[in-house]
Amino acid sequence: MGLSGMGISNVTLLAIQNVLQISRKFGLGPEDLSRCIQHLKGLGFSDGIITRLLKEFPMVIVMNEDGIRERIEFLVGDGIDRNQIDRIFNIFPAILELGFSLDVLRREILRDPSVLGLELGELYRCLELLRNLKCWVPIKERIYSEGAFGAGHEVKRRVDCLCRYGLIRGDAFKVLRKEPRTILYAIKDIEKKIEFLVHRMKFDVFWLVDVPGYLGVNFEKQIVTRYNVIEYLGSIGARG
């Protein structure tokens, strides 16, 4: 029996391949997959999210059904709208793979509901960047002050900020990797620096990829002050 015959539509080839691989590994039959799909539907998941789970996290097939329900009820009981179940599972597979506890997941969603907008794999990429950061210990400790999940989400927010100004995601990650202090600055401070760079200094935003340190220094004390000095020297013909 194909996946389409089990009550879900628009099944991708990758989802089918992943399901077959897990089924062979654990000796599962069509009835096991059907039971999993029906259970997820009963919890309120749309066909789109079920297909996505099977593609991105096929191990959901062998997860304990009561465990999945327990996690959903846990979130709903702590103020998460049941209508957001689909959005919760946009990040839930990553949460399972990375080992975050339900307490951490609940705290982060209630603190900042925008985490529900995370795409599958996005949090993992942010955490990979953090794990490989090369910076002073005090900087890393400040980055992780709200825990690994919070730190990963802060990386994502800054990547999004840089992309809004025209960088591609790969370059945005490169900027943060080269200048980790950027993760500690508020989004509004980063935006102020970029606006100044583009509109006052007349540099292209892609300049940040080569000189990411610009985002890691104080705006008023270092960027504006130094720029004003250079401008003054230029006005009196003293700039070399």
Side-chain angles (χ1 to χ4, degrees), residues 12 14 18 49 52-53 55-57 87-101 104-105 107-109 111-219 222-223:
T12 66
L14 182 57
N18 289 344
I49 288 298
R52 199 170 181 188
L53 283 170
K55 180 179 72 173
E56 303 285 349
F57 190 67
R87 296 177 65 198
I88 290 173
F89 259 70
N90 269 333
I91 61 171
F92 192 53
I95 300 301
L96 291 175
E97 288 183 288
L98 297 169
F100 290 111
S101 70
V104 169
L105 178 57
R107 185 186 70 234
E108 293 300 327
I109 292 177
R111 184 172 70 90
D112 186 354
S114 69
V115 301
L116 294 174
L118 284 168
E119 296 292 330
L120 288 172
E122 196 170 22
L123 181 61
Y124 180 82
R125 186 176 183 184
C126 292
L127 291 171
E128 274 293 293
L129 179 141
L130 289 171
R131 275 194 288 268
N132 296 312
L133 276 185
K134 293 180 174 59
C135 61
W136 295 104
V137 172
I139 293 175
K140 183 168 286 192
E141 288 178 345
R142 288 177 60 195
I143 290 173
Y144 277 97
S145 62
E146 296 294 332
F149 190 109
H153 186 230
E154 290 304 316
V155 168
K156 190 264 183 186
R157 293 180 64 223
R158 281 146 187 81
V159 167
D160 288 346
C161 174
L162 293 171
C163 289
R164 284 196 297 271
Y165 283 94
L167 292 185
I168 61 173
R169 299 195 80 77
D171 283 343
F173 274 99
K174 187 181 298 183
V175 168
L176 297 183
R177 186 166 57 251
K178 290 181 177 179
E179 184 45 84
R181 290 176 297 177
T182 306
I183 302 169
L184 298 174
Y185 278 98
I187 297 295
K188 64 179 182 179
D189 292 327
I190 296 172
E191 291 173 338
K192 187 187 300 182
K193 291 173 182 177
I194 297 176
E195 293 286 341
F196 190 85
L197 175 75
V198 174
H199 299 297
R200 184 71 180 276
M201 298 173 65
K202 305 301 181 183
F203 279 92
D204 192 289
V205 69
F206 294 102
W207 181 81
L208 292 173
V209 180
D210 295 320
V211 191
Y214 172 85
L215 294 177
V217 297
N218 184 277
F219 179 69
Q222 294 173 278
I223 295 175

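Everything quoted here is computed from the prediction, not taken from an experiment.
For the atom pair CG (L208) and NZ (K178), the distance works out to 11.0 Å, reported to the nearest 0.5 Å.
Taking 4.5 Å as the limit, some side-chain heavy atom of V155 sits within range of a side-chain heavy atom of F173. Within the 4.5 Å cutoff, no side-chain heavy atoms of L197 are placed close to those of K202. Using a 4.5 Å heavy-atom cutoff, the side chains of C163 and R169 are in contact. In this structure, N132 and R177 have side chains that are not in contact, with every pair of non-hydrogen atoms separated by 4.5 Å or more.
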Step by step, would you call F206 with L167 a side-chain contact (heavy atoms from CB on, under 4.5 Å)? CA-CA 7 Å; F206 294 102; L167 292 185; 3.5 Å; yes

Checking side-chain contact (heavy atoms from CB on, under 4.5 Å) for the pair E128/R131: CA distance, chi angles, key distance, verdict? CA-CA 5 Å; E128 274 293 293; R131 275 194 288 268; 2.5 Å; yes

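Closest heavy-atom contact between G170 and R125: CA-NH2, 3.9 Å. Between I183 and L129, the shortest heavy-atom contact is CD1-CD2, 4.4 Å.
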Return all side-chain donor-acceptor pairs below 3.5 angstrom for residues 140-151, not counting sequence neighbours, or 'none' if the list is empty.
unit_1, atom_1, unit_2, atom_2, d
K140, NZ, L133, O, 3.2
S145, OG, R142, O, 2.9

Counting only pairs under 3.5 Å, give me each side-chain donor-acceptor contact of residues 184-196, with atom names and distances, residues two or more places apart or in other chains.
unit_1, atom_1, unit_2, atom_2, d
Y185, OH, V217, O, 3.4
Y185, OH, N218, N, 3.4
E191, OE2, R164, NH2, 3.4
K193, NZ, L215, O, 2.8
K193, NZ, V217, O, 2.6
E195, OE1, H199, NE2, 3.0
E195, OE2, Y165, OH, 2.9

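A salt bridge links R157 with E154; the closest basic N to acidic carboxylate O contact falls under 4.0 Å.
In terms of the salt bridge (charged side-chain N to carboxylate O under 4.0 Å, His left out) criterion, R200 has no residue partners (sequence neighbours excluded). Applying the salt bridge (charged side-chain N to carboxylate O under 4.0 Å, His left out) criterion to R181, with sequence neighbours excluded, gives E179.
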